[in-house]
Asker: 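Let me begin by handing over the structure; questions about it come next.
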Amino acid sequence: MALSTEAEGPIGPAEPSAPAEHFDAVIAAEQRIEPRDWMPDAYRATLVRQIAQHAHSEIIGMQPEGNWLSRAPSLRRKAILLAKAQDEAGHGLYLYAAAETLGVDRAELTEKLISGRQKYSSIFNYPTLTFADVGVIGWLVDGAAICNQVPLCRCSYGPYARAMVRVCKEESFHQRQGYELLMTLMRGTEAQRRMVQDAVDRWWWPSLMMFGPPDGDSPNTAQSMAWRIKRHTNDELRQRFVDMTVPQAEHLGVTLPDPALRWNEQRDSWDFGEPDWSELQQVIKGQGPCNAQRIDRRRAAHEDGAWVREAATAYADKSKGQSSE
Ligand SMILES: [Fe+2]
Ligand SMILES: [Fe+2]
């Protein structure tokens, strides 16, 4: 399927001599900026930071659930979980490829991740204590990711927007499989129902924090919205997630651990309590329960994979030599 708009030529009233005007016109017309188009340095830097952080989150995000691959309760559950982890690896690859269209090198991004100079989503610094966590991650964490990512399908940067279309389809599937696992546990024994409730209690607040700090503490949001990278503020997305999730929790038969949660008829939305923002700051600073473990594991995997990269490079060089003969 040809999704590229490159062949469509210049958009709007732009002249080649006015690249900044062309950029502004494309943004105003809700069209896409493509890799060869001129773009402001700050737009490029914002996208590199955001796409890299997103790619790193997909890759690091394999670890918490990967913890349960060898201990899944049945072959069926293991196959589902394995497929999900592989999807997340794929998401990471699409996103690194999207970042490369902005002129950065993937090896450099990996180096920045393992040296702590680039971040990944703070949610993946929490441990997965029981198999119910696998279901709750699918339901809440992939659910929050969907709220964040569906609007990114309309992001002004073409390669990022196109990558998001496929990623979102797969995230929806992850959310459904997580919910199905939880429904199965809830139909099980009392101990299994307690296990689900315990997992919900531990993951609810960190899931709300996935949308980032409150709007008042999110200085980059206005510029990202003006550039049509972002479509909604952190608080708008958080509200959307709560409104989507509360009825699902009721249907499942679990309690969300927030005494302030109540329906607000005037707003036609759920009121909810304030997450502990100091906890988010601590996790971002590297002091979450699993930060060090996640990076150590990523670094070890990168080092263990060195021979694969060397072999691939040697093979590519050899093939080049043969084709030029
Ligand atoms: Fe993903
Ligand atoms: Fe996912």
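First listed ligand is number 1; within each ligand, the first listed atom is number 1. Being a predicted model, the structure only gives us computed values, none of them experimental. The residues of the chain are indexed from 1 along the displayed sequence.
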Asker: Taking atom types as modelled and ignoring hydrogens, do the side chains of Asp235 and Thr233 form a donor-acceptor contact shorter than 3.5 angstrom?
Answerer: no
Asker: Just to be careful: counting only protein atoms that are N, O or S, how many fall under 2.8 Å of the Fe ion (ligand 2)?
Answerer: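 Protein N, O or S neighbours of the Fe ion (ligand 2) under 2.8 Å, waters not counted, come to 4.
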Asker: List, by chain and number, the other hydrophobic cluster members for Ile146, where Ile, Leu, Val, Met, Phe, Trp and Tyr join if side-chain heavy atoms come within less than 4.5 Å, directly or indirectly.
Answerer: Val150
Asker: Please identify which of these residues, Val254, Val200, Thr128, Asp201, meets the side-chain contact (heavy atoms from CB on, under 4.5 Å) condition with Val136.
Answerer: Val200
Asker: Are any non-hydrogen side-chain atoms of Val242 and Leu261 less than 4.5 angstrom apart?
Answerer: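 Heavy-atom side-chain distance check passes, below 4.5 Å.
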Asker: Who else is in Met225's hydrophobic cluster (ILVMFWY, side-chain heavy atoms under 4.5 Å, direct or via others)?
Answerer: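 Members besides Met225: none; it forms no cluster.
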Asker: Should side-chain heavy atoms under 4.5 Å link Ile, Leu, Val, Met, Phe, Trp and Tyr, which residues sit in the same cluster as Val308?
Answerer: Trp307
